[in-house]
Amino acid sequence: QIKLVESGGEWVQAGGSLRLSCQGSGFSPMNHHMAWFRQVPDNAREGVASIDSRSDNTYYADSVKGRFTISQDNAKTTVYLQMTNLKPEDTGMYYCAIDWVRPAAAPLDPSRYKYWGQGTPVNVSL
């Protein structure tokens, strides 16, 4: 059974930094995409960053380029999201997701991911 567990979300002041983690289990770590999404109430889930486990290629939403960095551990079962220079508009529930093949054409499209974690909240205040 595939399981994703996010951690690291908390309250932070604007300009601060946070590091989110997503621990995955129950799958063979090869040729998959893992990604971070965020969502605020009444809004659609938004792709933030994605990483191709095989190539290490990374993809970012324009709103976070230069501020966020996605990475994976050597085992390729855990991904991290280093967030710097946080802004109030970064507030939301952050979800981790994983899938194979389908995300390749659109790594930040949430509809291409089948497996999701429960989320970790990030709150950025002025």
Side-chain angles (χ1 to χ4, degrees):
Q1 182 180 358
I2 295 173
K3 186 176 181 181
L4 300 172
V5 180
E6 302 95 334
S7 62
E10 62 178 270
W11 287 88
V12 65
Q13 280 193 321
S17 300
L18 281 177
R19 189 192 196 208
L20 306 184
S21 299
C22 172
Q23 173 69 56
S25 60
F27 60 91
S28 296
M30 59 175 64
N31 300 335
H32 60 272
H33 276 77
M34 289 185 79
W36 287 96
F37 297 83
R38 66 187 179 192
Q39 189 170 23
V40 296
D42 298 327
N43 280 25
R45 196 164 289 190
E46 172 193 19
V48 174
S50 175
I51 186 165
D52 181 328
S53 69
R54 182 180 62 178
S55 66
D56 274 335
N57 286 342
T58 56
Y59 309 87
Y60 295 95
D62 288 342
S63 59
V64 306
K65 283 180 181 176
R67 300 189 298 121
F68 291 12
T69 303
I70 188 170
S71 60
Q72 61 181 346
D73 69 345
N74 289 336
K76 301 185 178 183
T77 58
T78 299
V79 291
Y80 306 96
L81 186 67
Q82 180 67 48
M83 305 187 293
T84 63
N85 191 21
L86 282 160
K87 304 176 181 180
E89 51 264 42
D90 295 318
T91 293
M93 186 67 79
Y94 280 68
Y95 298 92
C96 175
I98 187 172
D99 213 311
W100 289 254
V101 181
R102 295 191 306 162
L108 297 180
D109 181 352
S111 70
R112 294 182 178 260
Y113 291 82
K114 180 177 180 179
Y115 303 96
W116 294 82
Q118 293 301 306
T120 185
V122 172
N123 291 279
V124 184
S125 60
L126 287 171

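Just so it is clear, the values below take in all heavy atoms, side chains as well, and ignore hydrogens, waters and symmetry mates.
- Leu108 and Val40 are not part of a single hydrophobic cluster, where members link through side-chain heavy atoms under 4.5 Å apart.
- When each of Ile51, Val64, Asp56 is checked for a side-chain contact (heavy atoms from CB on, under 4.5 Å) with Ile70, only Ile51 meets the rule.
- In this structure, Met93 is not a member of the same hydrophobic cluster as Leu81, with clusters built from ILVMFWY side-chain heavy atoms closer than 4.5 Å.
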Check: Going through the checks in order, is the side chain to side chain contact (heavy atoms under 4.5 Å, CB included) test met by Glu6 and Tyr94?
Finding: CA-CA 8 Å; Glu6 302 95 334; Tyr94 280 68; over 6 Å; no
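- Among pairs with a residue in residues 25-35, those fulfilling side-chain hydrogen bond (donor to acceptor under 3.5 Å, both in side chains) read His32-Ser53, at least two apart in sequence or across chains.
- Counting non-hydrogen atoms of other residues, nucleotides and ligands closer than 6.0 Å to CG of Asn74 gives a total of 12 or fewer.
- In the hydrophobic clustering of this structure, Val122 groups with Tyr60; members are Ile, Leu, Val, Met, Phe, Trp, Tyr whose side-chain heavy atoms approach within less than 4.5 Å, directly or through other members.
- A heavy-atom distance below 4.5 Å is not found between the side chains of Ser63 and Glu89.
- Side-chain contact check for Met34 versus Leu4: some heavy-atom pair is nearer than 4.5 Å.
- For Asp90, the salt bridge (charged side-chain N to carboxylate O under 4.0 Å, His left out) partners are Arg38, Arg67, not counting sequence neighbours.
- Using a 4.5 Å heavy-atom cutoff, the side chains of Ile2 and Lys114 are not in contact.
- With values rounded to the nearest 0.5 angstrom, Gln1 atom CD is found 10.0 Å from Tyr115 atom OH.
- Tyr113 pairs by the ring-ring contact (aromatic ring centres under 6.0 Å, His included) definition with Phe37, not counting sequence neighbours.
- The hydrophobic cluster containing Val79 does not contain Tyr95, counting ILVMFWY residues as joined when their side-chain heavy atoms lie under 4.5 angstrom apart, directly or transitively.
- A 6.0 Å sphere centred on CZ of Arg102 holds more than 12 heavy atoms belonging to other residues, nucleotides or ligands.
- Take Ala75 and apply the side-chain contact (heavy atoms from CB on, under 4.5 Å) test, not counting sequence neighbours, and it matches Asp73, Thr77.
- Follow the hydrophobic side-chain contacts under 4.5 Å out from Phe27 and you reach Trp36 in the same cluster.
- By the salt bridge (charged side-chain N to carboxylate O under 4.0 Å, His left out) test, Asp109 is found to be paired with Arg112, residues two or more places apart in sequence or in another chain being considered.
- Checking each of Thr84, Asn85, Leu86 against Phe68 for a side-chain contact (heavy atoms from CB on, under 4.5 Å) leaves exactly one that passes, namely Leu86.
- Put simply, OG on Ser50 and CD1 on Ile98 are 10.5 Å apart, with the number rounded to the nearest 0.5 Å.
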Residues 12-21 side chain polar contacts: donor-acceptor under 3.5 Å, at least two apart:
none

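- Taken to the nearest 0.5 Å, the OH atom of Tyr80 stands 9.0 Å off from the OG atom of Ser7.
- For the pair Pro88 and Leu126, the minimum side-chain heavy-atom distance is below 4.5 Å.
- Across all non-hydrogen atoms, the minimal contact from Asn43 to Gln39 is O-NE2, 3.0 Å.
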